[in-house]
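One structure is given below, encoded as structure tokens.
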Amino acid sequence: MALLLSHSGIAQSSFTVVPLGVKGGLQEDNLSAYLVAAAGSSAYVCLDAGTVYSGVEKAISNRVFSVPAGEVVRTQIRAYLISHAHLDHIAGLLLGAPDDTPKSIYGLPSCLATLQNDYFNWRAWPNFGDGGSPPALKKYQLRELPLQQETALENTPLRVQAFALSHGQPYQSAAFLVRNGRSYLLYLGDTGADAVEQSQHLRAVWQAVQPLVKARQLKAIFIEASYPNSQPVKQLFGHLTPALLMQEMQVLSQLTGPAALWGLPVVITHLKPSPGNEAAIKQQLTDANKLHLQLLFPEQGQRLEF
Ligand SMILES: Nc1ncnc2c1ncn2[C@@H]1O[C@@H]2COP(=O)(O)O[C@H]2[C@H]1O
């Protein structure tokens, strides 16, 4: 059984994560998608699906999987959870649909409506959904997640609670709190900071997870940092910078007390790969890490355990 140094010391891992895509744009073979399974299980859910097949191929080259890529996608990905329907979060799902097996796509109603009406409509793409323009091929069941209520994820031991996020007012994105037994993993889709978005959505997420952080049941937070601090506020387009991310972590810290965050794994997603950007974001986050979070920068196809 895999052992790792968790933020509460030596512990067994609860989740296996295989990043299939980690960038926030531009590099179309490496866009947001994270496979998550209960540790020791190969029943994965795919959190966002910007890049799927190319990410699985990369993981195979790293010996993370020992079966062909198509088989991983068809049999080991049991369901998709989509935070919002921007192309960089769904392109891999759409392109893989003809070769996929029937399964469910979970999301907030607004996200699923965009998928069904704007992509699965026989104009943008064949209707692999279960509603909309006939004939519906019904490869995917589009399952609406109620806000802040737990839903079982089919064909996995995992459960999920969804939270609304603001990704440039009034566009909605989502966070997913995934549970395996007593352990939790929090994945946030694209989001602006509450102060910029004039919203309380992130505060509601921090409120919900603060008891889990204090009890060391929250094993990791996946959160975006798309732009460096030099990005003008008017050009954030509903995203975080290192300074805004740390401002949000301070809100969580005020709820939990700073000791609870010391060593908490925080996986930084969605860095935009324009020249100089990624290095600046990493440096600025590292310099601002007064809370002693365990900042992790995921690599495509490299397994993580939490
Ligand atoms: N108003 C805008 N003007 C120019 N580019 C934009 C605007 N809104 C969004 N974008 C870009 O479109 C991208 C869509 O995906 P992202 O939200 O990751 O990042 C967004 C920006 O890069």
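First listed ligand is number 1; within each ligand, the first listed atom is number 1. Not measured: the values here are computed from a predicted model.
- Across the listed options Glu224, His84, Lys272, Lys272 owns the non-hydrogen atom lying nearest to atom 19 (O) of ligand 1.
- In the candidate list His239, Gln235, His270, His86, His239 is nearest to atom 17 (O) of ligand 1, counting heavy atoms.
- Ring orientation note: the planes of Phe120 and Phe128 are nearly perpendicular, at an angle over 60° on the 30°/60° scale.
- Atom 4 (C) of ligand 1 has Phe237 CZ, 3.7 Å as its closest protein atom, hydrogens excluded (heavy atom only).
- For atom 7 (C) of ligand 1, a protein non-hydrogen atom is found at a distance below 4.0 Å.
- Salt-bridge annotation for Arg203 and Glu248: absent, with no side-chain N of the basic residue lying under 4.0 Å from a carboxylate O of the acidic one.
- The nearest pair of heavy atoms linking Asp88 to His270 is OD2-NE2, 3.1 Å.
- For ligand 1, the atoms lying closer than 4.0 Å to a non-hydrogen atom of His167 are 17 (O).
- Set against the non-hydrogen atoms of Asp88, the atoms of ligand 1 under 4.0 Å away are 18 (O).
- Note on ring orientation: taking the six-membered ring where Trp is involved, the planes of Tyr187 and Tyr34 are tilted (angle from 30° to 60°).
- Tyr140 and Tyr80 have perpendicular rings, their planes meeting at more than 60° on a 0 to 90° scale where under 30° would count as parallel.
- Taking the ring axis of Tyr184 as reference, the NZ or CZ atom of Lys219 does not stay both within 45° of it and closer than 6.0 Å to the ring centre.
- In Tyr171, neither the side chain nor the backbone holds a heavy atom less than 4.0 Å from any atom of ligand 1.
- For atom 12 (O) of ligand 1, the nearest protein heavy atom is 4.0 Å or more away.
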